[in-house]
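Have a look at the structure below before the remarks.
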There are 2 protein chains.
Amino acid sequence: MENLRSDCEATNIDIVNRVKPRMPEMNLLYELSDFFKVMGDSTRIQLLWALEESEMCVGDLAVVLDMTKSAVSHQLKVLRTAKLVKAQKKGKNVYYALDDHHVKSILEKALEHIGE
Amino acid sequence: MENLRSDCEATNIDIVNRVKPRMPEMNLLYELSDFFKVMGDSTRIQLLWALEESEMCVGDLAVVLDMTKSAVSHQLKVLRTAKLVKAQKKGKNVYYALDDHHVKSILEKALEHIGE
DNA sequence: AATATAGTTGAACAACTATTCATTTGTTGT
DNA sequence: ACAACAAATGAATAGTTGTTCAACTATATT
């Protein structure tokens with residue numbers, strides 16, 4: 001027996017009955033929104049944009065974004081956890097690169113939406 | 001004279017000099033991240049998904065999402081402000097519909113990223 | 001006119017998030 | 001071994017965000 005949170009009855013029962021079973025699993029919804037949450041920060045967008053131009057180390061990214069290495073490093077970790085970037089150690093430096101070929105096209109679609 | 005926030009010098013000056021001028025205006029970056037912020041919430045993703053199936057009124061959306069009308073209304077306002085949905089009053093009800101043809105393709109790209 | 005229904009709104013609260021600061025780890029060069 | 005540098009980390013703080021609750025507006029029904 002389900003415990004309903006909604007505070008009202010359906011107005012168009014036919015529509016509700018058609019749409020409700022087509023809703024995705026809660027699990028998938030969380031994965032989707034988590035993905036967009038990662039994209040929903042200007043620092044991380046800048047990092048992705050910069051890495052689309054070139055693989056870069058943390059210090060150089062800090063210069064490009066004009067932020068501290070610490071702040072950049074924190075955000076790179078978020079991007080790494082989301083599997084959007086990958087890290088590779090080269091001597092004293094850690095070089096980051098894009099790890100997802102969808103990011104570019106998603107950014108393009110978002111730009112289309114904005115530019116209207 | 002700029003006031004730099006970065007706490008380090010560039011390691012690869014050539015890369016930094018090539019990437020830095022290609023970075024977009026801060027204004028555009030904020031628009032981009034704001035857009036993704038709107039998508040970065042499971043309730044709003046659910047609303048967009050449901051509205052992709054059919055135009056619906058607030059009460060029906062509340063039933064489909066199993067949430068209160070108030071919570072749904074608050075989130076619909078966010079989506080309306082972001083111009084992702086539009087509202088139309090029909091008698092006692094307010095019917096919401098998608099107002100952006102990019103949403104679907106963006107969701108699809110995001111699903112591709114997740115499903116790997 | 002009075003009542004019921006649909007939706008919106010604002011305040012409040014709890015949960016979350018990004019940056020800063022100080023510290024630590026690991027690598028290079030001497 | 002030691003100093004210098006690059007990056008990562010944890011704790012703290014300030015700012016933001018989503019839901020709840022109660023009050024309010026507007027439309028429909030009797």
Side-chain angles (χ1 to χ4, degrees), chain A residues 3-13 15-16 29-30 33-47 55-82 85-97, chain B residues 4-12 15-16 29-30 33-47 55-82 85-97:
Chain A
N3 196 348
L4 295 182
R5 253 161 288 277
S6 176
D7 58 349
C8 62
E9 300 294 317
T11 301
N12 308 336
I13 304 105
I15 295 183
V16 171
L29 286 169
Y30 288 133
S33 56
D34 282 350
F35 169 76
F36 287 118
K37 253 180 216 132
V38 172
M39 304 283 287
D41 176 80
S42 58
T43 298
R44 291 191 290 266
I45 293 282
Q46 284 185 86
L47 288 171
E55 178 174 306
M56 292 177 95
C57 65
V58 180
D60 287 350
L61 285 167
V63 173
V64 170
L65 305 210
D66 193 23
M67 293 180 68
T68 62
K69 277 180 295 181
S70 176
V72 167
S73 181
H74 275 296
Q75 296 309 327
L76 283 170
K77 188 178 191 176
V78 176
L79 291 172
R80 212 164 11 125
T81 304
V85 305
K86 58 189 169 190
Q88 187 193 359
K89 204 156 201 171
K90 282 183 188 171
K92 225 185 330 190
N93 299 310
V94 176
Y95 282 82
Y96 281 83
Chain B
L4 295 183
R5 253 162 287 279
S6 176
D7 58 348
C8 62
E9 300 294 316
T11 303
N12 308 341
I15 294 183
V16 170
L29 285 168
Y30 287 133
S33 56
D34 282 349
F35 169 76
F36 288 118
K37 254 180 215 132
V38 171
M39 304 283 287
D41 175 79
S42 58
T43 298
R44 292 192 289 266
I45 293 280
Q46 282 185 88
L47 288 171
E55 179 175 306
M56 292 176 94
C57 65
V58 180
D60 286 350
L61 285 167
V63 173
V64 169
L65 304 210
D66 194 23
M67 292 181 68
T68 64
K69 277 180 294 182
S70 176
V72 167
S73 180
H74 274 296
Q75 297 309 327
L76 283 170
K77 188 178 192 175
V78 176
L79 291 172
R80 213 163 11 125
T81 303
V85 305
K86 58 189 169 191
Q88 189 194 358
K89 203 155 200 171
K90 283 183 189 172
K92 226 188 324 192
N93 298 309
V94 177
Y95 282 82
Y96 281 83

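Chain A is the first sequence line, chain B the second, and so forth, proteins listed ahead of strands; every chain is numbered from 1. Computation of the quantities below employed the complete heavy-atom set of this structure, encompassing side-chain atoms and omitting hydrogens, waters and symmetry-equivalent molecules.
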Between [N] ([atom2]) and [X] ([atom1]): distance, integer Å:
X	N	atom1	atom2	value
B:Leu76	C:dT9	CG	P	11 Å
A:Met67	C:dC21	CE	C1'	14 Å
B:Asp7	D:dC5	CG	P	13 Å
A:Leu61	D:dA7	CG	C1'	12 Å
B:Lys89	C:dT5	NZ	P	17 Å
A:Lys77	C:dT19	NZ	C1'	15 Å
A:Lys69	C:dA22	NZ	C1'	14 Å
B:Phe36	C:dA18	CZ	C1'	19 Å

D:dT19 phosphate, OP1 or OP2, under 4.0 Å from B:Thr43 side-chain N/O: yes
Phosphate OP1/OP2 of C:dG7 contacted by B:Asn93 side-chain N/O (<4.0 Å): yes
Sugar-phosphate, base or nothing in reach of B:Tyr96, heavy atoms under 4.0 Å: sugar-phosphate
Check: D:dT9 base within 3.5 Å donor-acceptor of A:Ser70 side chain: yes
Side-chain-base donor-acceptor pair under 3.5 Å for B:Thr68 and D:dC21: no
Student check: side-chain heavy atoms of A:Leu61 and A:Leu76 closer than 4.5 Å: yes
DNA chain C: 5'-proximal contact among A:His74 and B:Cys57 (nearest heavy atom): B:Cys57
Most 5' of B:Ala71 and B:Lys92 on DNA chain C, judged by nearest nucleotide: B:Lys92
B:Lys69 backbone acceptor or donor facing B:Ser73 side chain under 3.5 Å: no
Minimum heavy-atom distance B:Ala87-B:Tyr96, with the two atoms named: CB-CE2, 3.6 Å
A:Thr43 versus A:Leu65, closest heavy-atom pair with distance: O-CD1, 3.8 Å
Closest nucleotide among C:dA6, C:dT8, C:dA18 to the A:Gln75 side chain: C:dA18
B:Val16/A:Met56 under side-chain contact (heavy atoms from CB on, under 4.5 Å): CA gap, chis, key distance, verdict: CA-CA 9 Å; B:Val16 170; A:Met56 292 177 95; 4.3 Å; yes
